[in-house]
Amino acid sequence: MDVALPSGASVSSHDFFCRARARLSLDIPAALNDHTANATRGDLDLDPCLWELAAVLVPVIDRPEPQVLLTLRTELPSHPGQIAFPGGKIDPQDRSPAEAALREATEEIGLPRALVEPIGYLDLYLTFSGYRILPTVARVVPDYELVLCEAEVADAFEVPLAFLMDAQNHSLRSREWKGVTRRYYAMPFGDRYIWGVTAGILRNLYERIYT
């Protein structure tokens, strides 16, 4: 019987990927395209008419102590200088959100598709900035070499999955944004400040896999 992950516990790749394969699937949720379908994860959206569909890859590196691969965005107009997952808008030619996430990961950080095994989707995440994001959890073979798109990505780095899946590292905070009080998760890791949508998706990963 699965139990919630105790604080400070180690995380093995075998256990994580077994849980992920048992609990996640690549069935596309109806709420991605149907605005009337229930989608409770994420921030309160300001205007449903402005929603754009997006996909991100949640790359879990299959090391003895698994790691999550994250990126640091350049000073782009959208979310400049923030820590993010590889991802972006779903294009009409993308066969699925998972394919869109894989394409974006290849374009942004040069992650070879042959080293990536998509496992399943997390919950649809709605954002204040007008996106309906579907995250794809994937297993990544560790011997990868990245080629960063310098226009979009300033850095790529790994964070231990055990740290990110420890609920004691999930801090719920709030701030004012355009006259609205926004609550969000933050998971500071050394000098890396993981927060907002990225932290919210990681929190959903924790809830789907370990609770």
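Just so you know, these numbers use all the heavy atoms, side chains as well, and skip hydrogens, waters and symmetry mates.
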S.K.: Whether R173 engages the ring of Y184 as a cation-pi pair (distance to the six-membered ring centre under 6.0 angstrom, angle to the ring normal within 45°) should be assessed.
M.R.: no
S.K.: If we only count heavy atoms from C-beta on, is the P97 to I28 side-chain gap below 4.5 Å?
M.R.: yes
S.K.: Looking at every heavy atom in both I209 and A20, which two are closest together, and how far apart are they?
M.R.: CD1-CA, 3.6 Å
S.K.: Counting distance only, does the side-chain N/O of T74 pair as donor-acceptor with the main-chain N or O of A151 below 3.5 Å?
M.R.: yes
S.K.: Of V68, I133, V197, which meets side chain to side chain contact (heavy atoms under 4.5 Å, CB included) against F85?
M.R.: V68
S.K.: Look up atom CD in E207 and atom CG in L202, then write down how far apart they are to the nearest 0.5 Å.
M.R.: 11.5 Å
S.K.: Is a donor on one side and an acceptor on the other found under 3.5 Å between the side chain of H170 and the backbone of L164?
M.R.: yes
S.K.: Under 3.5 Å, is there a donor-acceptor pair between the side chain of D62 and the main chain of R139?
M.R.: no
S.K.: Output the distance between atom OH (Y185) and atom CZ (R203), rounded to the nearest 0.5 Å.
M.R.: 4.0 Å
S.K.: How long is the straight-line distance from CG of L24 back to CZ of R19, given to the nearest 0.5 Å?
M.R.: 12.0 Å
S.K.: Do the side chain of N204 and the main chain of D123 share a donor and acceptor less than 3.5 angstrom apart?
M.R.: yes
S.K.: Should L69 and L146 be marked as a side chain to side chain contact (heavy atoms under 4.5 Å, CB included) after you check the CA-CA gap, both sets of side-chain angles, and the distance that decides it?
M.R.: CA-CA 11 Å; L69 182 61; L146 302 181; 4.3 Å; yes
S.K.: Give the C-alpha distance, both sets of side-chain angles, the deciding distance and a yes or no for side chain to side chain contact (heavy atoms under 4.5 Å, CB included) between R183 and L172.
M.R.: CA-CA 7 Å; R183 300 177 73 206; L172 192 57; 2.8 Å; yes
S.K.: Applying side chain to side chain contact (heavy atoms under 4.5 Å, CB included), run through Q82 and W195 and close with a yes or a no.
M.R.: CA-CA 8 Å; Q82 292 188 16; W195 72 289; 3.4 Å; yes
S.K.: Could you tell me the separation between the CZ atom of R192 and the OG1 atom of T198, rounded to the nearest 0.5 Å?
M.R.: 13.0 Å
S.K.: To the nearest 0.5 Å, tell me how far R21 CZ sits from I119 CD1.
M.R.: 4.5 Å
S.K.: Check whether any side-chain N or O of R23 sits under 3.5 Å from a backbone N or O of R208 as a donor-acceptor pair, and report yes or no.
M.R.: yes
S.K.: Check A199 against M187 and note the closest heavy-atom contact, atom names and distance.
M.R.: O-CE, 3.3 Å
S.K.: Kindly indicate whether the side chain of P86, heavy atoms from C-beta on, has any atom under 4.5 Å from the side chain of E104.
M.R.: no
S.K.: Counting only heavy atoms from other residues, nucleotides and ligands, does the tally under 6.0 Å from CD of Q93 exceed 12?
M.R.: yes
S.K.: Taking only Lys NZ, Arg NE, NH1 and NH2, and the carboxylate oxygens of Asp or Glu, determine whether K89 and D94 approach each other closer than 4.0 Å.
M.R.: no
S.K.: When you check the gap from the basic side-chain N to the acidic O, do E99 and R103 get nearer than 4.0 Å?
M.R.: no
S.K.: Would you check if Y131 and Y125 make a side-chain contact, meaning some heavy-atom pair closer than 4.5 Å?
M.R.: no
S.K.: Please answer whether the main-chain N or O of L111 pairs with a side-chain N or O of T106 as donor and acceptor at a distance below 3.5 Å.
M.R.: yes
S.K.: Check for a donor-acceptor pair, side chain of Q67 on one end and backbone N or O of E65 on the other, with a separation under 3.5 Å.
M.R.: yes
S.K.: I want to check something: taking the side chain as every heavy atom from C-beta on, are F16 and L161 in contact at a cut-off of under 4.5 Å?
M.R.: yes
S.K.: Does the side chain of V147 come within less than 4.5 Å of I109's, by heavy atoms?
M.R.: no
S.K.: So, do I61 and Y144 sit near enough that their side-chain heavy atoms are less than 4.5 Å apart?
M.R.: yes
S.K.: What's the spacing between T71 OG1 and L148 CG if we round to 0.5 Å?
M.R.: 9.0 Å
S.K.: With a 4.5 Å heavy-atom cut-off, do V56 and T136 have their side chains touching?
M.R.: no
S.K.: Compare every heavy atom of E108 with every heavy atom of G87, then report the nearest pair and how far apart it is.
M.R.: O-OE2, 2.6 Å
S.K.: Could you pull out the closest heavy-atom pair between L26 and A98, with the gap in Å?
M.R.: CD2-CB, 4.3 Å
S.K.: Quick one: does any side-chain atom of S25 pair with a main-chain N or O of D27 as donor and acceptor, under 3.5 Å?
M.R.: yes
S.K.: Which heavy-atom pair separates I83 from F157 by the least distance, and what is that distance?
M.R.: CD1-CZ, 3.7 Å
S.K.: Identify the heavy atoms of P160 and F189 that sit nearest to each other, and give their distance.
M.R.: CD-CZ, 3.5 Å
S.K.: Is the shortest heavy-atom distance from the side chain of V140 to the side chain of V60 under 4.5 Å?
M.R.: no
